[in-house]
Amino acid sequence: MAMLSRVADSLYWMSRYLERAEHTARLLDVTLHQLIDVDASLAQQRWQRLWEALHYDDAGRGSHDPLPVIAQVTADAHYADSIMATLTAARENARQVREHISSEMWEHINRLYLEARTTCQQQQWRAAPSQFYGFIKSGSHLFQGITDATMRHGEGWDYIQIGRAVERVSNTATVLQAHMNTLQAGWRRDRPQHAEWIGLLKMCSAFEAYCKVHTPEVTPQHLCAFLLFDAEFPRSIRFCADTIHAAISRNAQRDRVQSIQQPQRVSGQLKASLEYGSMDEQLMQLGSFIQTVRLGCVNIDTAIQQTHIAYAIEHSLLNERA
Amino acid sequence: MQHTEMFQHYVLDHAWDEMRQPDGQARVQYQELLRRMSQVNPHELANRQRVADDTFLAQGVTFTVYGHEDGTEKIFPFDLVPRIITDAEWRTVERGLTQRITALNMFLHDIYHDEHILNDGIVPRDLVYSCRQYRREMRGVRVPRDVYINVTGSDLVRLPDGSFAVLEDNLRVPSGVSYMLVNRQMSKRVFPQLFEQYNVRPIEHYGQALLATLRALAPHTNEPTIVLLTPGSYNSAYFEHTYLARQMGIHLVEGRDLMTHNNIVWMRTTKGLQRVDVIYRRIDDDFIDPLIFRPDTILGVPGLMHAYRAGNVAIANAIGTGIADDKALYAYVPAMIRYYSGQDPILNNVETYLLHDAKQRAHVLDNLASLVVKAVGESGGYGMLIGPHSTAAERAEFAARITADPRGYIAQPTLQLSRAPCIIDGHLEARHVDLRPYILYGENVTIVPGGLTRVALKRGSLVVNSSQGGGSKDTWVLYEE
């Protein structure tokens with residue numbers, strides 16, 4: 001049975017939004033942990049970095065008190081990028097395709113939403129923010145597990161994989177971007193900032209995985225190589241690009257498409273640039289390389305839209321007649 | 001001891017009681033249930049009730065209440081105690097509904113074609129033509145198998161003498177069948193042993209029966225693409241739409257997923273456009289095609305009516321069925337049954353006053369305090385005056401409305417709906433109920449045994465609609481002993 005374009009779109013966004021809620025929760029959690037025993041100026045830098053990583057526009061905010069912002073990006077359902085708002089969007093997308101996902105998936109995301117909503121409305125999360133962020137993260141992980149275990153690994157499942165991987169690329173790229181200063185300072189070997197680098201790894205839940213490859217000695221070179229090019233870490237940009245390309249290729253195979261279509265082409269290009277890229281080349285142009293990666297994501301998104309979701313009707317009618 | 005405690009709030013009055021005879025003894029079919037219930041302590045009952053409510057909420061078995069911004073989803077309150085209907089009672093209902101639906105369908109075919117019933121003066125012509133639900137666009141249109149009403153949900157009430165009567169025929173887009181199905185799942189879970197003890201007829205095949213009905217409508221193809229057309233996730237019955245689509249394994253589509261070209265309906269899939277053959281629509285006529293009906297809507301599909309009239313797509317229910325559940329035409333249904341089948345109606349109507357008749361109108365205006373007044377085109381318990389529960393101001397308002405637009409209203413006596421036991425605060429109390437069986441009509445008429453029993457959970461209330469504080473319970477139709 002063919003899948004409705006709208007359904008594919010909702011599955012994709014359900015997955016992206018849930019991943020985004022998880023990401024925001026992890027960023028906040030890591031930053032709040034980092035705050036223990038640091039001086040004020042360092043704390044201020046960390047907040048700035050966090051706001052940048054969360055796309056939070058700090059300009060025009062007179063106060064230096066971060067707490068209202070934390071509350072906003074955590075629990076304010078009217079702030080579009082808050083955990084609560086993205087979780088609501090994920091659940092609303094799930095609700096619109098609930099006959100396409102398994103009952104177990106729906107019930108899990110629905111419970112997650114209902115519980116988070118109560119916690120946010122009644123301000124209970126303030127008593128133990130870390131616990132709330134942990135609840136969101138494990139809720140998102142559990143959803144992925146349930147998805148893998150209960151849903152057919154067909155077209156719809158692939159759209160879920162693509163959505164999550166695209167979101168992860170974008171998140172990892174943004175976090176790297178926000179840490180550009182501290183990474184470059186380290187490169188010049190003048191100011192090692194281990195605490196910041198470990199924080200960065202943790203924001204991508206990559207610290208433990210990194211240690212297994214490079215030992216806990218964190219250097220900016222290894223760190224960037226790991227987050228950009230590691231073939232086996234599920235939040236590295238290369239890993240996600242592989243995931244995207246594999247899912248898109250499976251879809252093309254299902255359609256028995258002979259020629260290479262645009263989504264496969266652009267995802268293949270991104271995959272290749274990461275597969276054959278190396279840190280030596282990128283060292284100096286980290287910023288522009290991240291830009292290229294982000295642009296690659298946008299291109300994939302657009303290509304999927306134009307090929308499968310919001311394609312021009314006239315074209316398709318011609319195919320039907322042929 | 002527990003037994004009496006359980007019943008201390010259970011009062012009998014002149015309404016028919018589903019469970020107890022006038023002498024207070026339990027009816028045969030309820031005896032086992034009562035024995036079981038009196039062994040369960042009230043805390044345990046309350047606990048099971050909570051589990052049921054939580055399960056419904058987690059599963060998203062909810063409906064949307066219009067006009068509330070926050071917490072828009074509510075569960076439809078579920079009462080644990082099943083309502084039991086005997087085999088003999090059910091057979092009468094089944095025969096009566098089949099007879100009635102068949103006649104209503106013939107009526108629809110007739111008024112959109114030859115108008116025999118109007119020419120013979122059985123039904124007044126002006127009553128038909130003045131109905132907002134009459135669709136002249138349907139004149140002379142052949143619908144598949146000449147069946148207009150593929151899915152019906154008739155509201156039955158039980159009168160003080162124990163007989164069933166039809167209160168309303170819902171021939172447009174009746175809802176609630178998903179609650180019938182989930183209520184059954186729930187009562188099996190809450191009272192597994194009790195359920196096993198009773199010989200209850202299954203209802204789980206409703207999805208298949210509905211699919212077979214829709215399949216029977218497909219034009220020119222053996223492998224039809226069937227879709228369920230929903231107004232979207234903001235509709236109050238959205239849960240039901242997703243549920244039925246899943247039960248049948250068909251696409252759940254919104255208007256924006258469909259388009260028409262050369263009088264053929266297409267849906268937009270990831271692999272290109274796919275032709276659609278049958279649409280089970282859960283959108284009212286008014287919103288289905290902005291080119292023909294209301295132009296200010298984005299819910300429907302532009303061009304759908306042309307494709308339909310060209311015979312390239314089947315729509316269930318057909319366009320224009322609302323004429324036959326107009327509340328003023330309702331009064332003529334017994335006459336229709338006699339006219340088309342030559343038989344007497346098996347299920348009676350409720351006495352109805354037609355207000356365009358001057359004599360009846362005068363009587364109604366004099367007795368508003370004891371009558372129920374309904375707007376002819378409304379449903380869901382909206383636009384109603386319940387005389388005995390009304391204030392003088394409300395009565396004055398309705399009197400003015402009736403005088404201004406007599407065709408727009410009907411009046412009926414205030415019915416004493418039958419009452420069934422419900423769990424209220426750990427005790428059994430009697431509450432008014434009705435029954436909505438679902439009738440499918442494709443190749444032939446199929447009725448899944450039972451239906452949705454709706455309950456007015458507020459003490460003394462006669463309104464069972466979900467939008468007005470009603471709840472529901474599972475309905476057990478027993479096999480013959």
Side-chain angles (χ1 to χ4, degrees), chain A residues 1-12 77 91-104 106-115 117-118 121 154-156 158-159 251-252 254-257 263 304-305 307-322, chain B residues 54-62 64 69-73 75 178 182 185 207 223 225-235 238-262 264 266-276 303:
Chain A
M1 192 156 101
M3 171 167 282
L4 284 177
S5 300
R6 178 177 53 80
V7 169
D9 198 42
S10 281
L11 290 170
Y12 174 85
R91 185 260 191 177
E92 191 52 38
N93 275 288
R95 196 163 97 87
Q96 295 187 13
V97 293
R98 55 181 285 180
E99 80 284 8
H100 290 268
I101 59 179
S102 67
S103 302
E104 289 87 347
W106 161 248
E107 282 180 35
H108 175 71
I109 199 170
N110 190 38
R111 268 186 209 276
L112 186 66
Y113 159 80
L114 291 171
E115 212 162 306
R117 193 179 70 153
T118 311
Q121 276 176 348
E155 189 183 2
D158 275 329
Y159 277 103
N251 262 342
R254 273 185 209 106
D255 295 358
R256 295 193 183 79
V257 180
I304 291 175
Q305 281 289 324
T307 312
H308 300 294
I309 312 288
Y311 48 81
I313 298 288
E314 301 76 15
H315 196 74
S316 197
L317 278 171
L318 279 177
N319 288 344
E320 285 299 335
R321 241 173 262 132
Chain B
D54 287 350
T55 309
F56 280 138
L57 191 61
Q59 291 180 348
V61 185
T62 53
T64 315
E69 205 214 317
D70 199 42
T72 44
E73 293 158 39
I75 60 165
S178 59
V182 296
Q185 286 169 14
E223 285 293 317
T225 297
I226 303 173
V227 300
L228 192 159
L229 176 60
T230 173
S233 64
Y234 297 102
N235 185 264
Y238 184 69
F239 157 72
E240 175 155 311
H241 305 162
T242 64
Y243 186 87
L244 291 176
R246 177 146 53 178
Q247 292 272 315
M248 292 188 279
I250 64 174
H251 284 289
L252 179 67
V253 303
E254 298 179 15
R256 57 188 161 130
D257 297 322
L258 300 181
M259 47 127 357
T260 59
H261 185 78
N262 284 344
I264 289 176
W266 302 94
M267 70 176 170
R268 187 191 273 275
T269 79
T270 54
K271 297 172 174 47
L273 298 178
Q274 183 178 336
R275 184 174 172 163
V276 173

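Between the NE2 atom of B/His261 and the CG atom of B/Leu273 there is a distance of 10.0 Å, given to the nearest 0.5 Å. Distance check: A/Asn251 CG to A/Thr307 OG1 gives 11.0 Å after rounding to the nearest 0.5 Å.
B/Val227 is not listed as a side-chain neighbour of B/Ile250, based on a closest heavy-atom distance of 4.5 Å or more.
Between A/Arg6 and B/Glu254 there is a salt bridge, since at least one side-chain N of the basic residue sits less than 4.0 Å from a carboxylate O of the acidic one.
For the set B/His241, B/Arg268, B/Gln59, B/Arg246, the entry with the most heavy-atom pairs within less than 4.5 Å of chain A is B/Arg268. By number of non-hydrogen pairs under 4.5 angstrom with chain B, the leading residue of A/Glu155, A/Met3, A/Glu92 is A/Met3. Chosen from A/Asn110, A/Leu4, A/Ile309, the residue pairing most often with chain B at heavy-atom distances under 4.5 Å is A/Leu4.
The part of A/Tyr159 that comes within reach of chain B is its side chain, from C-beta onward, which places non-hydrogen atoms under 4.5 angstrom from that chain. For B/Tyr243, no part lies under 4.5 angstrom from a heavy atom of chain A.
Listed for the B/Tyr238 side chain is a donor-acceptor partner under 3.5 Å among the backbone atoms of A/Arg95.
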